[in-house]
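What follows is one structure encoded as structure tokens, with my remarks underneath.
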Amino acid sequence: GQNIDQPTEMTATEGAIVQINCTYQTSGFNGLFWYQQHAGEAPTFLSYNVLDGLEEKGRFSSFLSRSKGYSYLLLKELQMKDSASYLCAVPSGTYKYIFGTGTRLKVLA
Amino acid sequence: ETGVTQSPTHLIKTRGQQVTLRCSSQSGHNTVSWYQQALGQGPQFIFQYYREEENGRGNFPPRFSGLQFPNYSSELNVNALELDDSALYLCASSPGTPELFFGSGTQLSVL
């Protein structure tokens, strides 16, 4: 079957580093996405990994290991505005995406 | 700004009623998908339209239907509303690349 697992909630302190993990099981693999979603708002694109390794984009980095079915999103120098849900998603077939339940990150002052 | 707009923002309906949600995509985004997101959950795929035809459907009953128009707008229709249909409904469009561009959603409450 197809499944995505990620932690439900995480808490971190402003200025710290946090790593949000995602494990997935899919039939076929066409990349993995991370989206950020503030409460009541649309998910916004953060990263897309197709190949193994780390991709860095400013304070955010995303890692993928296809052999392990594992990815993580790394957030550095946390800011209060980073408090949001972070969604891991994989394309399934040619027309739909499977999303995890999302990880709600709370950044404390 | 994703260039994808949805209306209305919020909607309250009663059980058994019908509802139509609307989405306007960016020019050139000929693929549109609809997702249902219950509170505390990730988005669940409802269906996708490509060039005005449905080309994929998730595990949703036939009372969920849609339309896509030539002007890059689309609709999600839900008949015979049930309490469990209360959720955030997200429209997402794509120009053919893997990335999805989401609208800010319609929050539907069924009483």
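Note that this is a predicted model, so its numbers are computed, not measured.
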Distance from A:Ile98 atom CD1 to B:Gln44 atom CD, nearest 0.5 Å? 7.5 Å
Taking C-beta and beyond as the side chain, do B:Phe102 and A:Phe45 meet within less than 4.5 Å on heavy atoms? no
Above 12 or not: heavy atoms from other molecules or residues under 6.0 Å from CZ of B:Arg15? no
Are A:Phe99 and B:Tyr35 close enough that some pair of their side-chain heavy atoms sits under 4.5 Å apart? yes
Under a 4.5 Å cutoff for heavy-atom pairs, which residue among B:Ser104, B:Gly40, B:Ala38, B:Ser94 has the most contacts with chain A? B:Ser104
Close side-chain approach of B:Leu88 and A:Gln37, heavy atoms under 4.5 Å: yes
Between CD on residue B:Glu99 and OG on residue A:Ser47, distance to nearest 0.5 Å: 10.5 Å
For the residue pair A:Ala42 and B:Gly103, what are the closest heavy atoms and their distance? CB-O, 2.7 Å
Roughly how far, to the nearest 0.5 Å, is the CG atom of A:Leu87 from the CD atom of B:Gln37? 6.5 Å
Is it the case that more than 12 heavy atoms not belonging to B:Asn71 sit under 6.0 Å from its CG atom? yes
Could you check if a side-chain atom of A:Tyr97 sits within less than 4.5 angstrom of a side-chain atom of B:Leu100, using non-hydrogen atoms only? yes
Take a 6.0 Å sphere around CG of B:Leu111 and say whether it holds more than 12 heavy atoms from other residues, nucleotides or ligands. yes
Kindly check if the number of other-residue, nucleotide or ligand heavy atoms within 6.0 Å of CD (A:Glu77) is above 12? no
Flag yes if A:Tyr86 and A:Met10 sit in one hydrophobic cluster, no otherwise; membership is Ile, Leu, Val, Met, Phe, Trp, Tyr, and two members link when side-chain heavy atoms are under 4.5 Å apart. yes
Looking at A:Glu9, I want to see if its CD is surrounded by more than 12 non-hydrogen atoms of other residues, nucleotides or ligands under 6.0 Å. yes
Connected via hydrophobic side-chain network under 4.5 Å: A:Phe60 and A:Phe33: no
Taking side chain as everything from C-beta outward and backbone as N, CA, C, O, which of these in A:Pro43 sits under 4.5 Å from a heavy atom of chain B? Side chain, backbone, both or neither. both
